[in-house]
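Here's the structure we're looking at; comments come further down.
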Amino acid sequence: QVQLVESGGGLVQAGGSLRLSCVASGRIFSSSTMGWFRQAPGKEREFVAAVRRSGASTLYADSVKGRFTISRDNAKNTVYLQMNSLRPVDTAVYYCAAQKLIASMQGPYDYWGQGTQVTVSS
């Protein structure tokens, strides 16, 4: 059984920073591609960023490129999302996800966390 638990969300002013963390249980972590997604009120969930198991290969949505950085620490079973220069449009629930088998970095994903709220005020 794989469990993903996110933390680090909160309220921040525009231009500020937050770092999200996602701790995974189970042996799948070190062999899995990990991703971050977000869902704003009234909108569909969208891809934000992903990182392959080695950490060397990453992918970002155009909307966050240059502002967000995804990384992972396989020894700690943790994936991070450093978010800088935050904007009100970044307000959403952010979800961590893991792939069971190698697939496109944008999905599909097999395991999901419960989400953490990020609110950016103007």
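Quick note: numbers below take in every heavy atom, side chains included, and nothing from hydrogens, waters or symmetry partners. The structure presented is a predicted model; accordingly, all values stated were derived computationally and were not measured.
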Same apolar cluster: M105 and V48, side chain cutoff 4.5 Å: no

Cluster check V12, L81: I/L/V/M/F/W/Y, side chain < 4.5 angstrom: yes

Heavy-atom neighbours of Q3 CD exceed 12 at 6.0 Å: no

Stepwise side-chain contact (heavy atoms from CB on, under 4.5 Å) check, Q117 with T91: CA-CA 8 Å; Q117 176 71 46; T91 295; 4.0 Å; yes

CZ (R52) with more than 12 external heavy atoms under 6.0 Å: yes

For S122 against A14, the heavy-atom pair lying closest together: CA-CB, 4.4 Å

From CD (Q13) to OG1 (T119), nearest 0.5 Å: 13.0 Å

Pair T78-D73, side-chain donor/acceptor within less than 3.5 Å: no

Minimum side-chain heavy-atom gap F68-N84 below 4.5 Å: no

Heavy-atom check, side chain of M34 versus side chain of Y80, under 4.5 Å: no

Distance, nearest 0.5 Å, that separates OG1 of T58 from CZ of R72: 12.0 Å

Pair S85, R67: side-chain N/O donor-acceptor within cut-off below 3.5 Å: no

Salt bridge flag under 4.0 Å for residues D62 and K65: yes

S32 side chain reached by R53 side chain, heavy atoms, under 4.5 Å: no

Result of checking V5, T116, L20, L4 against C96 for side chain to side chain contact (heavy atoms under 4.5 Å, CB included): L4

Rounded distance [0.5 Å steps], CG in L86 versus OG in S121: 10.0 Å

Closest heavy-atom pair and its distance - V93, G115: CG1-CA, 3.8 Å

Closest non-hydrogen atom pair, D90 against Y94: O-OH, 2.6 Å

For the student: nearest non-hydrogen atoms of L101 and D110, plus distance: N-OD2, 4.0 Å

side-chain contact (heavy atoms from CB on, under 4.5 Å) between E46 and Q39, worked out: CA-CA 6 Å; E46 64 175 359; Q39 187 167 20; over 6 Å; no

Verdict with supporting geometry, Q82 and S71, side-chain contact (heavy atoms from CB on, under 4.5 Å): CA-CA 8 Å; Q82 178 66 44; S71 61; over 6 Å; no

Candidate list F37, W36, Y95, F47, test ring pair (Phe, Tyr, Trp, His ring centres under 6.0 Å), partner Y109, passing option: F37

Nearest-0.5 Å distance that lies between atom CZ in R38 and atom OG in S63: 4.5 Å

Backbone N/O of Q99 and side chain of T33: donor-acceptor pair under 3.5 Å: no

V23 with V51, same ILVMFWY side-chain cluster at under 4.5 Å: no

